[in-house]
Student: 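Would you mind keeping the following structure in view while I ask a few things?
Computed from a predicted structure; not experimentally measured. Note on naming: letters A, B, ... go to the chains in the order of the sequence lines (proteins, then strands), and numbering restarts at 1 for each one.
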Amino acid sequence: MIAESIFKSEFDKNSVFLDRNLIMPSYIPDELPFREKQIEEVSRVIAPALKGQRPENLFIYGKVGTGKTSVSKHVMKKFNEFASNNKINAECYYVNCRTHNTVYKVLNKIAKDIYAEESFIGFPSTFIYEKILEYSKQQKHIIFILDEIDKVRDLDELMYNLTRANDELDKGSISVIGISNNVLFKDRLDARTKSSLCEKELVFPPYNAEELIEILKKRAKLAFKEGAISTSAISLAAAYAAKESGDARTAVLLLLKAGEIADRLSLNIVEDEQVKAAKSLVEEEIVLSLISTLPSQQKLVLYAIAKLSLDKKPIKSLIGLEQGVLFSGEIYEEYTRLAKKFKESIVSARWYREYISELEVYGLIITTNSGKGIKGQTRLIKLASDPTKIRDVLEKELFGN
DNA sequence: CATCCACAGGAAGGACGGGGGT
DNA sequence: ACCCCCGTCCTTCCTGTGGATG
């Protein structure tokens, strides 16, 4: 009965969305504004495969939401279309290394794609490797896109395997396009792997605010009903994302969430207010998921901070100090008290300081050095977001079950 | 000015678990 | 199967620092 009425009202409700799927961050639009040059470069690199030559390996670097994956997938699609339309023996495959994070998993995924869903799980990796080799021996020129390539644990071995294949092939070839948002990871690689993977390199710059506005406008036109989102709301979402990192992904996510909020409130048009609400919602989600990954000792420290922030009478916080600003020492005392109470082990004060530094890096707390007015040299610590919310979440996390 | 305070944060080293080599 | 090495997490010990205090 309840379920039915929810389904019915969900179904009847008019939404600001025309097609919600088109504004999911995972959706790849046909048009990729401001990435023409990158599309051209990637295409240029892999084009030799269409003439029966081995393309050079390519390394693509760029921060999150700069269009690396979208551009690669876009080019891959066009490449495969062109190859099959013209009956050319060239193919391009995509592997996300976040889930396929070992040599074995990557080889397996590749083999599975090549041999259309035939699974090789359980077979030794040399066998899988031979299978892949066998396939490309039919004069095939194959390109593998390895997304989030820095996640592969033994990348040296994988690259060695894939490049070695070319020595054993006389007609076909194998090339790799590696994608990463981490520049530093290159330094951890073997020199040979590095020079092989980075035969060509391409950097994707972040989008600026104007570009983000254009991108969002295009997307909004696809996903929202006409006039269902205001121009200023779009600009605001773009401005937020530009300020953070020039990340198109979060910009799009903001619009999606803002639309959902508008739907829930049965509004016909998405305004600035919903974008603002979406932003704090997204931020909150990030904070909450961050907290849940913390080790329990660190959760206790954070809990101590939240509890003290809410205390009516901050013990040491004296004249002129903002409410909720705490001393490092009093937090440590509270933490040890709590740890004893819940029969948890207690980390040393030294390690506690590491925890504090880490919490600051995560942006969960804000710290300043004590200046004049306070004796000794210590850190003043303040929670970065709402103490009540943090405390409640931590209570659930720590003692919930 | 010396001294104390209340810490910050570096260095060294111990326990432990996993992954890789033989 | 075994050992070794390495990274992680943590402790102990230590020196440094900026302001208050006598």
Student: Starting at CD1 of A/Ile346 and ending at P of C/dT11, how long is that distance when rounded to a whole Å?
Tutor: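 Value for this atom pair: 10 Å.
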Student: Using a distance-only criterion (donor-acceptor N/O pair, under 3.5 Å, no hydrogens), is the base of B/dG10 paired with the side chain of A/Arg350?
Tutor: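 Counting by modelled atom types and ignoring angles, a donor-acceptor contact under 3.5 Å is found here.
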Student: May I ask you to decide if A/Glu199's main-chain N or O and A/Asn57's side chain share a donor-acceptor pair within less than 3.5 Å?
Tutor: no
Student: Would you classify A/Tyr352 as touching base, sugar-phosphate or nothing, given that sugar-phosphate means primed atoms plus P, OP1 and OP2, and contacts are heavy atoms under 4.0 Å?
Tutor: nothing
Student: Does NZ belonging to A/Lys276 count more than 12 external heavy atoms closer than 6.0 Å?
Tutor: no
Student: Without decimals, in angstroms, what is the distance between A/Asn369 CG and B/dC7 C1'?
Tutor: 10 Å
Student: Figure out the CH2/C1' separation between A/Trp351 and C/dC13, and round it to whole Å.
Tutor: 16 Å
Student: Quick check on the 6.0 Å ring-centre criterion: do A/Tyr61 and A/Phe204 meet it?
Tutor: no
Student: Select one nucleotide: of C/dA20, C/dT11, B/dA8, the one nearest the side-chain heavy atoms of A/Lys375.
Tutor: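 Within the option list, the nearest is C/dA20.
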Student: Is the NZ or CZ atom of A/Arg20 both under 6.0 Å from the centre of the six-membered ring of A/Tyr27 and within 45° of that ring's axis?
Tutor: no
Student: What's the CD-C1' distance between A/Glu333 and B/dC7, to the nearest Å?
Tutor: 13 Å
Student: Any side-chain N or O of A/Ser328 less than 4.0 Å from the OP1 or OP2 oxygen of B/dA6?
Tutor: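 Indeed not, no polar side-chain atom of A/Ser328 lies that close.
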Student: Please classify the nucleic acid contact of A/Ile331 as base, sugar-phosphate, or nothing, using heavy-atom distances under 4.0 Å.
Tutor: nothing
Student: May I have the distance from A/Glu354 (atom CD) to C/dT12 (atom C1'), rounded to whole angstrom?
Tutor: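 The distance from CD of A/Glu354 to C1' of C/dT12 comes to 14 Å, rounded to the nearest Å.
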Student: Check whether any side-chain nitrogen or oxygen of A/Ser348 sits under 4.0 Å from OP1 or OP2 of C/dT11, and answer yes or no.
Tutor: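 Yes, such a contact exists.
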Student: What integer distance in Å separates A/Phe327:CZ from B/dC5:P?
Tutor: 16 Å
Student: When you measure from the side-chain N and O atoms of A/Tyr332 to the phosphate of B/dA6, is any distance below 4.0 Å, counting only OP1 and OP2?
Tutor: no
Student: What is the distance from CD1 of A/Ile356 to P of B/dG9, rounded to the nearest Å?
Tutor: 11 Å
Student: Choose from C/dT17, C/dC10, B/dG9 the nucleotide whose nearest atom is closest to any side-chain atom of A/Val347.
Tutor: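 Of the options given, the side chain of A/Val347 lies nearest C/dC10.
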Student: Should we count CD of A/Glu354 as having more than 12 external heavy atoms under 6.0 Å?
Tutor: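 Yes.
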Student: Less than 4.0 angstrom between a side-chain N/O of A/Arg353 and OP1 or OP2 of B/dG10, yes or no?
Tutor: no
Student: What is the distance, rounded to the nearest whole Å, between atom CD1 of A/Ile374 and atom P of C/dT21?
Tutor: 12 Å
